[in-house]
Amino acid sequence: MSVSVEREIASFRDSEIRNNLRRVLESCSKLVEAGDFHDSENTVSELIEYLDSVYDAAVSDPDSERAENEAFEAISEIHRYICSPSLDQEVVDALSFELPKAVSKFVGISSRFLDIATSIIDQFIVKCGPRDMLSILCNTLGYSSKITKAASYIVPPLSGISKVIISIKRRQFEQVKEAVPIILNVLKVVSLESEEEEELEDVFDRAVGIANSICEVCNKLEGDAKPKLQSVLGLYVLQCMALISASLGYKASRCHSFVLQLSQISSYCGLSYLSLLTTYEVETVASSIFGGSALVHLVSINYLKVSTKHHYIFVNLLNFPEDKDLCMGFLSHVKHGAALSVIWGLVSEEVAYTAKENLTAIKDELCNNQTKRWQAIGTLKQVLSFVNLPWELKKHAIDFLLCITDGRISRNCNEEHSEWSSYMPSLFSALQAVKMVIMHAPEPELRKKSFAVLKGVLDDIPISQRLDILKALITNTDSSSMIAIFIDLIRKEMHTAICNSRSIVKDAPQIENKAFPDTPFWNPGVIELVELVLRPPQGGPPFLPEQSDAVLSALNLYRFVLMIESAEKTNCTGVLSKNSLLKAYNEWLLPLRTLVTGIMAESKSDHDDFAVDTVCTLNPLELVLYRCIELVEEKLKQST
């Protein structure tokens, strides 16, 4: 405790608050020493209620210096009492479960309370023993859900836990394993909800301190317990890396220091950048540590039974679920942390150096190995899809993806094998994440780079699967502009397929109804996509002008397919069959012409800005629409 706080405590004289607290504390001591545990529990409750009333008075009137001073006087009296060398151990035990919660609340009044609250908890650690206090402090953390200023409240118990972990002499792995889920659950809730950067810096300073304490314990362990504890530490570090990256500002004064420390510990745990991007399986590691009955011993669904020297207490585990999948909630951002560990290495050479990593070699490895590249893309999507992250970190993720998906990479997958199919869901979700960056990035340059990444990832997907991926992207997109982009990519793929096939078979005889063999994009699924836009599943023509980009792109694709199939005298897509032509004419094109004509006529009669914009938007669409109608009418005449 600082010298200034000690002087402040010494300055207080006898007062009503001090006398009331002394009376309750002395009563509690006498009852405990007499073995009257029932009445002593009531007295402890009375003590906590009194402290709460003093706390509430200070919080309800934050501008009152008198109320704050009275609160400090109350907590100072608690400190004086707990520090007494003559205090009976049974009294300490009776107070140990409730007082850490009560005094931690006072930190929310002012930062001046932090040192003394931490010192009170330190006294309990010394007098009660580390194993008991680990359970008690975890319970104190769990109580944060009931506290308004939870970020400041959890700082003292986190400080205590970092000291307790170092002091545990036996079964360190088992003790830490039980505490980590509770710590991470509280950190996640507090960090993602609090907006006070300074308070969060204090929180993460203690959270990183806990990581350093676990690391110190690992160094002392031998045998099987050491790698197990390193696995727990690795999970803890990655979750903290994600929470720090999302909660603190990108340029927060202490953020870089936290990342440096976590990167060093991550390296100590054997978590290389390449393994984090490619082979690190959170579920596998977590299940090996927390799976089955090894997670925590639950007496009931919600409470952990903990033995102290003189009685049993029940620690609320934040309704911690028994279901193994649900238990992974406290590790919900470990995958994000794995990706962010690498991204921070790109942000800062010092971080990469601390982690003992060579990013140039990693980029080369990913460029030359398609499977590892797919795995890395699936990991890096976590950064792009993490809503809370600052755009600066997402920009570095896009730059990294651009490096490993440009035109100079090795594409060596075998179209005849199905092993790569397991990566398609992950690549699809990565493309979804890149799509969101394109739609929402604040800078044009970042949107441009993201589009280049989108094309690079699509080019990396086997061509036999590419159309299905694009169709899935279209059906899972609400943005008209993005749908237009995806449809345009399909049209370009079809054009490329034609050019490639012509160069291969220009001297070969034409196969019946198939001028361009082995071109997966030339199939009836393309026309189904056109119908999806021009005649939405909910019925009726599309909404205009809201969906004009998608409609124009779909019309251009339909015109392109119609013209190519006609010129080549093929019908790979089925577009030239009479039933298909009639369906397109009667169900897509004519209803759309009626809608466009009506909107254009109405807009031309108005003279406001919206009407002018509508006419400008629909003019190119109208031109392509009439050209499609002409082409279909010509083909229908030829078929009669």
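All residue numbers refer to positions in the sequence shown, counting from 1.
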Looking at OG1 of Thr477 and CZ of Phe486, how far apart are the two atoms once the value is rounded to the nearest 0.5 Å?
5.0 Å

Is it true that atom NZ of Lys335 has more than 12 heavy atoms of other residues, nucleotides or ligands lying nearer than 6.0 Å?
no

Atom CD of Glu198: over 12 foreign heavy atoms under 6.0 Å:
no

Mutual orientation of the aromatic rings belonging to Phe330 and Phe290 [parallel < 30°, tilted 30-60°, perpendicular > 60°]
perpendicular

Quick one: does Ser288's side chain have a donor or acceptor within less than 3.5 Å of a partner on Val285's backbone?
yes

If you apply the rule side-chain contact (heavy atoms from CB on, under 4.5 Å), what do you find for Gln375 with Lys372, and how did you get there?
CA-CA 5 Å; Gln375 292 169 335; Lys372 289 184 178 179; 4.0 Å; yes

Using every non-hydrogen atom in the two residues, find where Ser191 and Leu243 come nearest and quote the distance to one decimal.
OG-CD2, 3.7 Å

Can you tell me how far the CG atom of Leu380 sits from the CD1 atom of Ile404, to the nearest 0.5 Å?
6.0 Å

N/O donor-acceptor pair under 3.5 Å between Lys381 side chain and Ala430 backbone:
no

Please tell me if the side chains of Leu158 and Leu187 come closer than 4.5 Å, counting only heavy atoms from C-beta onward.
yes

How far does CG of Asn358 sit from CG of Asp364, to the nearest 0.5 angstrom?
8.5 Å

In residues 467-476, what donor-acceptor pairs under 3.5 Å come from side-chain atoms, sequence neighbours left out?
unit_1: Thr475; atom_1: OG1; unit_2: Lys471; atom_2: O; d: 3.1
unit_1: Thr475; atom_1: OG1; unit_2: Ala472; atom_2: O; d: 3.1
unit_1: Asn476; atom_1: ND2; unit_2: Ala472; atom_2: O; d: 2.7

Distance (rounded to the nearest 0.5 Å) between Gln175 CD and Ser135 OG
6.5 Å

If we only count heavy atoms from C-beta on, is the Pro100 to Ile120 side-chain gap below 4.5 Å?
no

Donor-acceptor pair, side chain of Ser553 and main chain of Ala484, under 3.5 angstrom
yes

Approximate separation, where rounding is to 0.5 Å, of Phe386 CZ and His336 NE2
5.5 Å

Is the closest side-chain heavy-atom distance between Leu489 and Leu454 below 4.5 Å?
yes

Is the backbone of Trp344 close enough, under 3.5 Å, to the side chain of Ser348 for a donor and an acceptor to pair up by distance?
no

Out of Ile377, Thr371, Asn369, which one pairs with Arg373 under the side-chain contact (heavy atoms from CB on, under 4.5 Å) rule?
Ile377

Could you walk me through whether Phe451 and Lys455 pass side-chain contact (heavy atoms from CB on, under 4.5 Å), step by step?
CA-CA 6 Å; Phe451 181 63; Lys455 292 193 294 183; 3.6 Å; yes

Contact summary for Val217 and Ile166, nearest pair of heavy atoms
CG2-CA, 4.2 Å

Is there a side-chain contact between Tyr55 and Ile109 (heavy atoms, below 4.5 Å)?
yes

Whether the side chain of Ser426 engages the backbone of Tyr423 through a donor-acceptor N/O pair (distance < 3.5 Å, no angle test) should be reported.
no

Can you tell if the side chain of Ile289 reaches within under 4.5 Å of the side chain of Lys177, non-hydrogen atoms only?
yes

Would you say the side chains of Lys435 and Gln432 form a donor-acceptor pair under 3.5 Å?
yes

Is any side-chain heavy atom of Phe204 less than 4.5 Å from a side-chain heavy atom of Cys255?
no

Side-chain donor/acceptor of Arg466 to backbone N/O of Leu458, under 3.5 Å:
yes

Lys228/Asp224 ion pair, N-O < 4.0 Å:
no

Salt bridge present between Asp399 and Lys394 (N-O < 4.0 angstrom):
no

Test item: Thr405 side-chain N/O and Gly456 main-chain N/O as donor-acceptor pair under 3.5 Å
no

Check whether any side-chain heavy atom of Arg254 lies under 4.5 Å from a side-chain heavy atom of Asp202, and answer yes or no.
yes

Around atom NZ of Lys226, are there more than 12 heavy atoms of other residues, nucleotides or ligands at under 6.0 Å?
yes

For Ile438, is there any backbone N or O sitting under 3.5 Å from a side-chain donor or acceptor partner on Ser450?
no

Which atom names give the shortest non-hydrogen contact between Ile461 and Gln465, and what distance separates them?
CG2-CB, 3.9 Å

Decide side-chain contact (heavy atoms from CB on, under 4.5 Å) for Val208 and Cys240; before the verdict, give the C-alpha distance in whole Å, the side-chain angles of both, and the deciding distance to 0.1 Å.
CA-CA 8 Å; Val208 173; Cys240 286; 5.8 Å; no

Determine, step by step, whether Leu366 and Phe400 satisfy the side-chain contact (heavy atoms from CB on, under 4.5 Å) criterion, reporting the C-alpha distance in whole Å, the side-chain angles of both residues, the deciding distance to 0.1 Å, and the verdict.
CA-CA 11 Å; Leu366 295 177; Phe400 188 76; 3.8 Å; yes

Between the side chains of Lys188 and Ser332, does any donor sit under 3.5 Å from an acceptor?
yes

For residues 262-273, run the donor-acceptor check on the side chains, cut-off 3.5 Å, and write out each pair with its distance to 0.1 Å, sequence neighbours left out.
unit_1: Ser263; atom_1: OG; unit_2: Val259; atom_2: O; d: 2.8
unit_1: Tyr268; atom_1: OH; unit_2: Asn219; atom_2: OD1; d: 3.0
unit_1: Ser272; atom_1: OG; unit_2: Ser275; atom_2: N; d: 3.1
unit_1: Ser272; atom_1: OG; unit_2: Ser275; atom_2: OG; d: 3.0
unit_1: Tyr273; atom_1: OH; unit_2: Ser341; atom_2: O; d: 3.3

Could you tell me the separation between the OG atom of Ser152 and the CZ atom of Phe106, rounded to the nearest 0.5 Å?
12.5 Å

Taking the side chain as every heavy atom from C-beta outward, state whether Val434 and Met439 have any pair of such atoms under 4.5 Å apart.
no

Tell me if a side-chain donor or acceptor on Gln239 pairs with a main-chain N or O of Val334 at a distance below 3.5 Å.
yes

Using modelled atom types only, decide if a donor and an acceptor are shared between the side chain of Lys101 and the backbone of Ser144 within a distance under 3.5 Å.
no

